[in-house]
Trainee: 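There's a structure below that I have some questions on.
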Amino acid sequence: MDNCYPKVDVVIPRYNPDEKYDKLIERLTKQTIKPNHIYVMNTISEKETVDVDLMHQNIENLTVTNLSKAEFDHGGTRNRGASMSDAEFVMMMTQDAVPADKYLIEKIIEPFKDEKVAAVYARQLATSEVGVVESYTRVFNYPKEDSVKSKEDLERLGIKTFFCSNVCAVYRKSIYEELGGFVTKTIFNEDMILASRIIDAGYSIAYAAKAKVFHAHRYTYSQQFKRNFDLGVSHRQYHEIFSKVKSEKEGKKLVKKTIHYLWKQGKPLLILDLIMQSGFKFLGYRMGKMYDKLPLWLIRRCSSQTGYWDKGKE
């Protein structure tokens with residue numbers, strides 16, 4: 001079946017993963033449209049004792065590229081993987097995104113029939129262990145309906161116009177290269193930064209609801225704070241992009257809708273948890289946006305990407 005379709009290569013940054021990674025690789029090999037090639041960008045971990053090359057020796061068309069922790073960069077590592085590809089489309093995945101079925105690649109490339117579409121991202125489904133609040137958040141951010149976003153949607157959608165998650169997203173290689181790929185100097189959020197360039201250049205970003213992966217985390221309050229601190233850092237570093245669009249409005253909308261949902265479900269105690277989560281997110285984000293005014297020791301305490309700051313403030 002996949003002979004009728006263009007080539008799709010997959011790039012997966014890897015670092016000391018859990019069992020989800022094994023499921024990801026296994027399910028990729030069983031897709032109705034199989035990857036032309038899988039590029040595993042393996043950051044070497046002192047905790048891991050397995051030989052990653054030997055682990056994948058029975059899988060055709062899979063290449064492991066080893067790199068040190070100092071070499072890893074959210075954008076640069078993905079660019080390095082993409083540079084090895086000669087496929088028309090490059091699919092970025094994280095090591096903990098598990099295809100929900102065998103149709104992931106088939107469904108995620110369908111929107112590319114429109115030549116204006118430069119990127120397509122998949123629907124993320126929650127898993128049972130993450131709880132009610134995170135499950136509802138997934139439904140809010142990843143609805144059942146397909147959509148396509150362009151420059152005309154900036155006023156209506158604000159920052160959500162730039163939403164495109166590298167948990168599972170495919171890029172048209174020619175446009176990806178035209179726009180210079182991912183930035184290589186960001187704490188994370190490389191996907192949204194490229195998405196903003198896609199929109200500014202007059203192309204579109206599609207959301208394929210029938211392309212599904214299982215991906216969700218249950219974060220502690222401290223982890224929520226740190227993740228949103230890093231988000232704020234990214235928005236500060238690329239303020240010329242993110243200052244043009246409304247951002248906090250969408251977060252408030254999510255909180256209000258989640259409170260309403262929890263009340264209707266008869267789970268009022270979870271509303272307190274939601275308020276605490278939201279407070280830590282907001283505080284982390286606000287502090288991240290003013291990171292350049294904070295001492296380095298405090299930044300390192302607030303960030304989830306401590307290695308990023310080894311060379312000091314950017």
Side-chain angles (χ1 to χ4, degrees), residues 7-29 31 34-99 104-105 108 119-122 124 164-173 176-177 179-195 213-215 217 230 234 304-308 310-311:
K7 291 194 296 185
V8 181
D9 285 345
V10 183
V11 176
I12 307 169
R14 180 187 186 278
Y15 178 69
N16 199 28
D18 59 19
E19 69 282 353
K20 293 174 185 174
Y21 171 78
D22 298 324
K23 291 179 181 177
L24 162 60
I25 298 297
E26 179 189 0
R27 294 190 185 185
L28 280 178
T29 64
Q31 293 290 301
K34 292 179 174 55
N36 173 65
H37 204 100
I38 300 172
Y39 295 97
V40 176
M41 311 303 292
N42 180 56
T43 301
I44 298 169
S45 167
E46 60 277 3
K47 295 180 182 178
E48 192 172 41
T49 56
V50 301
D51 187 317
V52 181
D53 290 289
L54 286 176
M55 190 172 94
H56 295 308
Q57 64 182 339
N58 296 323
I59 301 175
E60 292 183 9
N61 300 328
L62 187 150
T63 300
V64 177
T65 300
N66 291 312
L67 53 151
S68 67
K69 288 175 85 171
E71 290 177 291
F72 176 80
D73 176 85
H74 282 280
T77 298
R78 289 175 168 87
N79 286 342
R80 187 172 169 184
S83 71
M84 302 178 197
S85 168
D86 63 356
E88 185 176 352
F89 300 106
V90 179
M91 185 173 187
M92 301 292 166
M93 297 192 74
T94 54
Q95 64 185 22
D96 57 352
V98 180
L104 173 64
I105 296 178
I108 202 169
V120 183
Y121 63 101
Q124 295 183 32
C164 181
S165 175
N166 271 349
V167 165
C168 184
V170 180
Y171 298 87
R172 193 186 297 274
K173 186 85 181 306
Y176 169 91
E177 291 177 338
L179 299 176
F182 299 111
V183 295
T184 57
K185 192 179 179 182
T186 181
I187 193 163
F188 79 161
N189 217 23
E190 77 292 333
D191 41 18
M192 287 187 71
I193 294 167
L194 178 55
V213 293
F214 290 109
H215 179 262
H217 296 279
D230 294 342
S234 172
S304 66
Q305 307 284 330
T306 53
Y308 178 82
D310 286 347
K311 296 180 181 178

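Residues take their numbers from the sequence shown, with the count starting at 1. Only this structure's heavy atoms are used, side chains among them; waters, hydrogens and symmetry mates stay out.
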Trainee: Provide the closest heavy-atom pair for T184 versus G75 in the form atom of the first, atom of the second, distance.
Mentor: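 Minimum heavy-atom separation between T184 and G75: CG2-C, 4.4 Å.
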
Trainee: side-chain contact (heavy atoms from CB on, under 4.5 Å) for K7 and D86? Distances and angles first, verdict last.
Mentor: CA-CA 8 Å; K7 291 194 296 185; D86 63 356; 3.3 Å; yes

Trainee: The criterion is ring-ring contact (aromatic ring centres under 6.0 Å, His included); which residues satisfy it with Y21, sequence neighbours excluded?
Mentor: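 So Y21 forms a ring-ring contact (aromatic ring centres under 6.0 Å, His included) with H56.
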
Trainee: Could you pull out the closest heavy-atom pair between S85 and A87, with the gap in Å?
Mentor: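 Shortest heavy-atom separation between S85 and A87 comes out as OG-N, 3.0 Å.
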
Trainee: For T65 and M84: C-alpha separation, side-chain torsions, deciding distance, then whether side-chain contact (heavy atoms from CB on, under 4.5 Å) applies.
Mentor: CA-CA 10 Å; T65 300; M84 302 178 197; 3.2 Å; yes

Trainee: Would you please classify the geometry between the F182 ring and the Y176 ring as parallel, tilted or perpendicular, with 30° and 60° separating the classes?
Mentor: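 Aromatic pair Y176/F182 classed perpendicular.
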
Trainee: Do Y15 and K69 have side-chain heavy atoms sitting under 4.5 Å apart?
Mentor: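 Yes, their side chains come closer than 4.5 Å.
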
Trainee: Any side-chain heavy-atom pair from D9 and Y39 closer than 4.5 angstrom?
Mentor: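 Side chain of D9 against side chain of Y39, heavy atoms only: contact under 4.5 Å found.
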
Trainee: Tell me, do K173 and F89 make a side-chain contact under 4.5 Å, heavy atoms counted?
Mentor: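 No, their side chains stay 4.5 Å or more apart.
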
Trainee: What distance do T63 atom OG1 and H37 atom NE2 have between them, rounded to the nearest 0.5 Å?
Mentor: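 T63 atom OG1 to H37 atom NE2 measures 2.5 Å (nearest 0.5 Å).
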
Trainee: Working to the nearest 0.5 Å, report the span between CD1 of I25 and CD1 of I38.
Mentor: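 The CD1 atom of I25 sits 5.0 Å away from the CD1 atom of I38.
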
Trainee: Are any of the side-chain heavy atoms of Q124 and S165 separated by less than 4.5 Å?
Mentor: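 Yes, close enough: below the 4.5 Å cut-off.
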
Trainee: Got a donor-acceptor contact below 3.5 angstrom from the D191 side chain to the N166 backbone?
Mentor: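 Looks like yes, one N/O pair under 3.5 Å.
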
Trainee: If you take all heavy atoms of V10 and P35, which pair is closest and at what distance?
Mentor: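 Nearest pair, atom of V10 first, then P35: CG2-CB, 3.8 Å.
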
Trainee: Nearest 0.5 Å, what's the CD1-CE distance between I105 and M91?
Mentor: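 The CD1 atom of I105 sits 5.0 Å away from the CE atom of M91.
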
Trainee: Might you point out which heavy atoms bring V98 and K23 nearest each other, and give the distance in Å?
Mentor: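 Between these two residues, the closest heavy atoms are CG1-CB, 4.0 Å.
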
Trainee: Show the nearest heavy-atom pair for residues K34 and T29, with the distance to one decimal.
Mentor: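 For K34 and T29, the tightest heavy-atom pair comes out as CE-O, 3.1 Å.
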
Trainee: Can you tell if the side chain of L28 reaches within under 4.5 Å of the side chain of I12, non-hydrogen atoms only?
Mentor: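 Heavy-atom side-chain distance check passes, below 4.5 Å.
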
Trainee: In Å, rounded to the nearest 0.5 Å, how long is the span from CG of L194 to OH of Y171?
Mentor: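 Interatomic distance, L194 CG to Y171 OH, rounded to 0.5 Å: 5.5 Å.
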
Trainee: How long is the gap from CG on L24 to CZ on F214, to the nearest 0.5 Å?
Mentor: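 Taking CG in L24 and CZ in F214, the distance rounds to 13.0 Å.
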
Trainee: Rounded to the nearest 0.5 Å, what separation is found between the CD atom of E190 and the OG1 atom of T77?
Mentor: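 Answer for the CD-OG1 pair, E190 versus T77, is 9.5 Å.
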
Trainee: Ignoring hydrogens and angles, tell me if any N or O in the side chain of N42 forms a donor-acceptor pair with the backbone of V64 under 3.5 Å.
Mentor: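 No, N42 side chain to V64 backbone: no donor-acceptor pair under 3.5 Å.
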
Trainee: Find out whether M41 and R14 are in side-chain contact, i.e. whether some heavy atom of one side chain is under 4.5 Å from a heavy atom of the other.
Mentor: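 M41 vs R14: side chains apart.
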
Trainee: Could you check whether any side-chain heavy atom of P13 comes within less than 4.5 Å of a side-chain heavy atom of Q95, counting everything from C-beta outward?
Mentor: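 The answer is no, as the side chains (C-beta and beyond) never meet within the 4.5 Å cut-off.
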
Trainee: Shortest non-hydrogen contact from D96 to T94?
Mentor: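 Looks like OD1-OG1, 2.9 Å.
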
Trainee: If you define the side chain from C-beta out and look only at heavy atoms, does anything of R27 sit under 4.5 Å from L104?
Mentor: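 They are not in side-chain contact.
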
Trainee: Strictly below 4.0 Å, N to O, side chains only: are R80 and D73 in salt-bridge contact?
Mentor: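 No salt bridge links R80 with D73.
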
